[in-house]
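Structure record follows, encoded as structure tokens.
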Amino acid sequence: MLYDLHTHTTASDGLLSPLALIDRAKMQQVDVLAITDHDSVAGINWLNHSCGSELQTQPLVIIPGVEFSCVWRGITLHVLGLNINLQAPGLQQALAFQHQAREARAVKIAERLAKIGVPDPLAGALEVVRKQTEGIFADQELQLGRPHFAEHMVRSGFVETRDQAFKRWLGAGKMGDVKSQWPELQQVITWISEADGQAVLAHPARYKLTNTKLRRLLQQFKTCGGHGMEVATAGTTPDRLAYLAQLSCDYELLASCGSDFHGPATHWADVGKVPPLPKQCRPVWSAWSL
Ligand code: AMP
Ligand code: MN
Ligand code: MN
Ligand code: MN
């Protein structure tokens with residue numbers, strides 16, 4: 001069975017619509033696919049409303065998920081909520097909170113980009129995200145993020161590539177990386193738990209923490225009620241895979257695997273392109289009845 005439990009659609013900063021993502025996942029022989037947009041479940045809601053019955057009869061199993069942004073000791077972290085109950089009472093409020101945080105941040109990012117000469121940053125980024133979603137999501141469902149600003153900077157000729165936009169202006173510590181009012185780690189773990197989901201620390205190696213600090217994070221993540229961590233990610237090395245697998249055992253965290261797919265252009269992070277979990281790991285899906 002091939003699991004990919006971390007993917008994005010046009011409901012956040014992915015480039016494929018929910019349906020196109022599903023088609024691609026099938027093409028890549030994925031058996032179980034979690035859709036985990038940034039702070040949004042609009043993609044899964046759209047699928048359920050538009051083709052609910054068809055979804056249940058197809059071989060690909062779709063897991064409702066979300067990737068929440070939060071902070072821990074001043075560091076922005078991403079926590080996946082996997083197999084969440086979309087009807088859970090508090091979930092709408094949690095998503096509304098995140099949406100507001102994103103909007104407020106987008107205004108600040110736009111102010112800063114305007115100062116350095118990017119033309120109409122807010123309108124431009126909105127235009128990018130609206131076009132990408134091809135009208136299937138309403139404005140209040142859209143999660144405006146830095147990738148949309150990056151794309152606008154490319155389209156307006158301010159930089160040549162999105163990569164450049166991140167390297168120079170939007171990446172960690174750059175002027176467009178506006179500290180935003182993300183909730184604390186504990187808060188998002190609580191939201192996920194209350195929605196009957198598994199809270200999984202996303203891409204633990206991407207925060208560039210020292211070993212000691214990563215261990216401290218995992219310890220606290222566990223204490224806060226977190227369930228698991230991503231162990232197998234796209235483009236990982238055998239060393240890192242073994243290291244993260246060991247950490248998941250040390251902290252008794254369930255192990256997850258996901259490509260963090262955003263679009264077909266990044267071939268090394270295509271849907272389903274994740275190595276199998278090492279044998280000693282306890283998979284996050286071991287408690288699911290699929
Ligand atoms: P946001 O959620 O708005 O803070 O944007 C974060 C997203 O930007 C991540 O989920 C990635 O998809 C993308 N991203 C972050 N860093 C980079 C980078 N250096 N180059 C390209 N994309 C990036
Ligand atoms: Mn993203
Ligand atoms: Mn992430
Ligand atoms: Mn992601």
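On a predicted model such as this, the values are computed, not experimentally measured, just so you know. Ligands are counted one by one from 1 in listed order, and the atoms in each one are counted from 1 as well.
When the salt bridge (Lys or Arg N to Asp or Glu O under 4.0 Å) test is applied to Arg215, the partners found at least two apart in sequence or on another chain are Asp250. Lys26 is linked by a salt bridge (Lys or Arg N to Asp or Glu O under 4.0 Å) to nothing, counting only residues two or more places apart in sequence or in another chain.
For atom 8 (O) of ligand 1, the closest heavy atom belonging to the protein is Pro147 CG, 3.2 Å. For atom 2 (O) of ligand 1, the closest non-hydrogen atom of the protein is Arg102 NH2, 2.9 Å. For atom 6 (C) of ligand 1, the closest non-hydrogen atom of the protein is Arg146 NH2, 3.7 Å.
Close contacts between ligand 1 and Gly145 involve ligand atoms 3 (O) [criterion: under 4.0 Å to a heavy atom]. For ligand 1, the atoms sitting less than 4.0 Å from at least one non-hydrogen atom of His38 are 10 (O), numbered in the order shown with element in parentheses.
At a 4.0 Å cut-off, at least one heavy atom of His262 sits close enough to ligand 1 to count as contact. Look at Ser69 and you'll find every heavy atom at least 4.0 Å from all atoms of ligand 1. For the pair Lys167 and ligand 1, no heavy-atom separation below 4.0 Å is found. Contact between Arg105 and ligand 1 is present, with at least one heavy atom of the residue lying under 4.0 Å from the ligand.
In this structure, the side chains of His38 and His8 come closer than 4.5 Å at one or more pairs of heavy atoms. Side-chain contact between Leu91 and Trp191: absent, with no pair of heavy atoms (C-beta onward) separated by less than 4.5 Å. Within the 4.5 Å cutoff, side-chain heavy atoms of Ile63 are placed close to those of Leu290. Taking 4.5 Å as the limit, every side-chain heavy atom of Ser259 sits out of range of all side-chain heavy atoms of Asp270.
Side-chain contact, Glu194 with Thr190: no donor N or O sits under 3.5 Å from an acceptor N or O. Under the 3.5 Å distance criterion, with hydrogens and angles disregarded, a donor-acceptor pair is assigned to the side chains of Glu67 and His6.
Between Lys115 and Glu111, none of the side-chain N atoms (NZ, or NE/NH1/NH2) sits under 4.0 Å from a carboxylate O, so this pair counts as no salt bridge. Remark: Asp260 engages Arg206 in a salt bridge, criterion side-chain N to carboxylate O under 4.0 Å.
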Can you give the donor-acceptor pairs under 3.5 Å from side chains of residues 276-288 to other protein atoms, not counting sequence neighbours?
from   : atom 1 : to     : atom 2 : distance (Å)
Trp285 : NE1    : Tyr3   : OH     : 3.4
Ser286 : OG     : Pro283 : O      : 2.7
Trp288 : NE1    : Gln198 : OE1    : 2.6

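Relative to atom 23 (C) of ligand 1, the option among Phe149, Phe166, Trp182 with the closest non-hydrogen atom is Phe166.
Only protein N, O or S atoms were considered, and those under 2.8 Å from the Mn ion (ligand 3) are Glu67 OE2, His78 ND1, His203 NE2.
Nearest N, O or S atom of Asp13 to the Mn ion (ligand 2): atom OD2.
Of the heavy atoms in Asp13, only side-chain atoms (C-beta onward) come closer than 4.0 Å to ligand 1.
The side-chain hydrogen bond (donor to acceptor under 3.5 Å, both in side chains) test with Asp39 singles out one residue from His78, Gln143, Arg102, and that residue is Arg102.
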